[in-house]
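Every number for a ligand or one of its atoms is a count from 1 in the order of the listing. Since this is a predicted model, take the numbers as computed values, not measurements.
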Amino acid sequence: MTKLPLASFLAVLACLTPGCHAAAAPDPLAPTGRWSANTRGQAPTPPMGWNSWNAFGAAVDETKLMASARLLVDSGLAAKGYRYVDIDDGWWLKRRMPDGRMLVRTANFPSAVTADGGTSLRPLTDRLHAMGLKAGIYSDIGRNNCSQVFGGADAPNLPEGTQAERETGLYGHVEQDIALYFREWNFDLIKVDGCGIRGLGRDNPRVKAGLYRPLGPVIDFDDLPRTDIAEVRRLYGAVADALARTRPAGDYVLSLCLWGSADVRSWGKDIGNMSRTSEDISPTWARLLHNLDTTARRALYAHPGSWNDPDMLFIGKGEFDAAHMVEARSHLALWAMLNAPLLIGMDLRQATPDQIALLGWSQAIALNQDRAGNQAVLAYDSAEVQIYVKTLADGTKAVALLNRSAAPTHATLTAEHAKLTGTIATTDLWTGKTGSFTGETTVPLAPHETVLLKLVGRHRLANGLYLSEMPGSMNPAVDGVVQPQPDPLVHRGLLPWNDTRGAGEHPRYGGWGGAAVDSGPYGQQLQAGHEKLDTGIGILAGSRLEVRNAGHARFTARVGVDDAAWGNSGAVTFLVYGDGRLLARSAPLRAGHALVPLAADVRGVQLIELVARPAQASVAPDPVVWGEAALLN
Ligand code: GLA
């Protein structure tokens, strides 16, 4: 158990206030002039490819893998961007003793047999590379992997041998394994799971039976206070550092698989190229909604180089199979809009022409791969219909109208949703049908349907961009969340294998209160000084938000303490920094005060930092509003 030790926690809190002395502890709100989200590795746009897990579980082998790899190329999907071919759990045989070198299960990967009696996956990665593909491998941050921890006794391809030989995870072997996978075997991506630090406490029956050594648990999946967040971060940080050393050219992808636990929302973006936001997806509509919701309100936590990952595509199975193409299309459309990594999870040998066509939906892929890297923002939210808007690099808008329900309905899309004005030209990105509207348009939606539209029109803000239109250029370096809470807005879908046994699914995934676009941090409408706003950034007091400036001249906003504040933070001062220099500051503002204009000349500034500094430290800081925050030409 950690959290922050009490002394340093109090020091950090003290340092949120103006009287902080640098000698006491570093001031987390001091400007750094530096973008702090991850820029290492190679994920300028969300990684795309194929992964073995949803198709085969741990029963993966070379024949199955290469068949899907071949089909990626032959179907044209690789040319459309699906390049990573990732081996998930099940590839290993054991860790050789005494030198600790990992051995491949050659019964399933015959090309890994080497002349000296060892094993190597280099022939496999060479073949994938020769096909123009990239290769991904899988490991665990603990000593043991997910199948060992959570698989049944009959789980296929469990590691073999003595207890030490069965320790196939990275724990204690980071340098050795990363060098093997990335230097010798030449992989391009690694997914690092967290089961080995989650489920093998002393009480675990498999530990008690002597099958595995106890470890932690470092993560308590159901309780953040009992999770050693700093240690989890340290372990993953060591992997990131080893990768950067092993591949100094930065040609790799680090995929974090912590399912939203360990407060990974707040730090995964600083370490990895993609980071899972939820437990595993399964091929049901309810689980799609669940995984979607864990990512949907986190637009500010995704940027080129570090993406939110609501898990792999399940197109081709269950409620996304060939008989459910409406749901399958929603799946791809939503994942594309959220800048989710697009990892196909089906045996492509079974794919119908329609499924290949859907996976190759060029317009959806283009949205996903847009270089601005703006995750779609929720412009309208309800349990039934949601409207997502994504601003593309060329200033046009993509809109997803989602019917979450099983009944037909409709969505009324307004110009305001898209922050456009005047006559708006529309293209349905699936049917190709074009049209136009002024003010609003009503679109029918079949059960579970997502209609994806491209909108071209005049921007409501004629001479610049609202920050809400550029979440990919922003990073909540300090989002103000002091005590991460479970997120109550995540759909808690019935788990098919549990039915209604037990007490159901409880809220999970810390980070409730995180920085939000066009909404307060707790999902409420942005409102300050009794004025409601439809545009702005909602964040907690005690926060520092980094904004990349690509040539804009002026920053403007109307700032204030959100009307939802309890007064815990006292008066809040809003400060604007440019490359580390103070450019503008507000008077200290209290809840109820009218919004105050704040402006700064940002010509030539690369990094703007927006700081909301409270007079008073609190474990429950007040929400504040950077209303109508914009960068102007
Ligand atoms: C975890 C991950 C999955 C998959 C399995 C493999 O559950 O979340 O994506 O990698 O492990 O065992």
Side-chain angles (χ1 to χ4, degrees), residues 47 49-61 64-65 84-93 105 108 136-159 166-171 181 187 189-200 206 212 217-219 221-222 232 236 239 253-262 264 268 272-284 287-288 290-291 294-295 307-318 331 335 340-346 495-498 508-509:
W50 179 92
N51 175 297
S52 56
W53 181 253
N54 286 353
F56 303 117
V60 57
D61 64 37
K64 293 170 178 166
L65 186 97
Y84 286 91
V85 174
D86 299 342
I87 313 174
D88 210 280
D89 203 344
W91 62 269
W92 29 42
L93 182 67
R105 185 178 294 274
N108 292 346
I137 196 157
Y138 171 87
S139 193
D140 197 283
I141 200 75
R143 294 193 192 101
N144 300 97
N145 63 66
C146 291
S147 288
Q148 290 175 309
V149 179
F150 295 112
D154 56 347
N157 299 328
L158 289 171
R166 283 183 275 111
E167 292 182 347
T168 48
L170 293 172
Y171 199 85
Y181 303 159
F187 277 95
L189 174 150
I190 186 165
K191 171 175 169 184
V192 182
D193 229 316
C195 296
I197 57 169
R198 164 179 172 181
L200 289 181
R206 294 175 193 189
Y212 309 122
V218 189
I219 296 173
F221 196 75
D222 297 312
V232 182
Y236 277 88
V239 176
V253 167
L254 171 59
S255 163
L256 312 183
C257 187
L258 281 167
W259 332 277
S261 73
V264 68
N273 297 112
M274 48 195 274
S275 176
R276 282 275 296 278
T277 53
S278 67
E279 280 269 41
D280 294 5
I281 192 166
S282 60
T284 68
R287 293 313 283 181
L288 173 135
H290 175 92
N291 286 46
T294 59
T295 293
W307 307 102
N308 287 318
D309 177 10
D311 205 359
M312 300 168 286
L313 297 168
F314 235 133
I315 291 168
K317 282 219 177 155
H331 193 354
W335 264 229
L342 298 179
L343 294 172
I344 298 168
M346 75 179 296
L495 276 172
W497 53 91
N498 273 2
R508 279 174 171 182
Y509 308 117

* Would Phe150 count as a contact of ligand 1 if the rule is a heavy atom under 4.0 Å away? -> no

* May I ask you to check if ligand 1 and Asp311 share an N or O to N or O distance below 3.5 Å? => no

* Asked: Going by the order shown, which atoms of ligand 1 are within less than 4.0 Å of some heavy atom of Cys257?
  -> 2 (C), 8 (O)

* To do: Using non-hydrogen atoms of the residue, decide whether Arg276 is closer than 4.0 angstrom to ligand 1.
  => yes

* State, to 0.1 Å, how close Pro310 and Ala340 come at their nearest heavy-atom pair, and which atoms those are. => CD-CB, 3.4 Å

* Minimum heavy-atom distance Ser275-Val264, with the two atoms named -> OG-CG2, 3.5 Å

* Structure fact -> Counting from 1 in the order shown, the ligand 1 atoms closer than 4.0 Å to a non-hydrogen atom of Lys191 are 3 (C), 4 (C), 9 (O), 10 (O)

* To do: Identify the protein heavy atom lying closest to atom 4 (C) of ligand 1, giving its residue, its atom name and the separation to 0.1 Å.
  => Asp88 OD1, 3.4 Å

* Provide the number and element of each atom of ligand 1 under 4.0 Å from a heavy atom of Asp280. => 1 (C), 2 (C), 3 (C), 7 (O), 8 (O), 9 (O)

* **Lys NZ or Arg CZ of Arg206 over Tyr212 ring: under 6.0 Å, within 45°** => no

* **Nearest-contact summary for atom 2 (C) of ligand 1 - protein heavy atom, Å** => Asp193 OD2, 3.1 Å

* To do: Starting from atom 12 (O) of ligand 1, locate the nearest protein heavy atom and write down its residue, its atom name and how far away it is, to 0.1 Å.
  => Asp89 OD2, 2.8 Å

* Structure fact -> Result for side chain to side chain contact (heavy atoms under 4.5 Å, CB included) between Val192 and one of Ile137, Leu254, Leu258 points to Leu254

* **Option from Asp311, Asn308, Asn291, Thr294 for which side-chain hydrogen bond (donor to acceptor under 3.5 Å, both in side chains) with Thr277 holds** => Thr294

* **Minimum heavy-atom distance between Ile219 and Ala262, given as atom pair plus value** => CG1-CB, 4.4 Å

* Structure fact -> All heavy atoms of Trp259 vs all of Gly194, minimum pair found to be CH2-C, 3.3 Å

* When you look for heavy atoms under 4.0 Å from ligand 1, do you find them on the side chain of Ala58, its backbone, both, or neither? -> neither

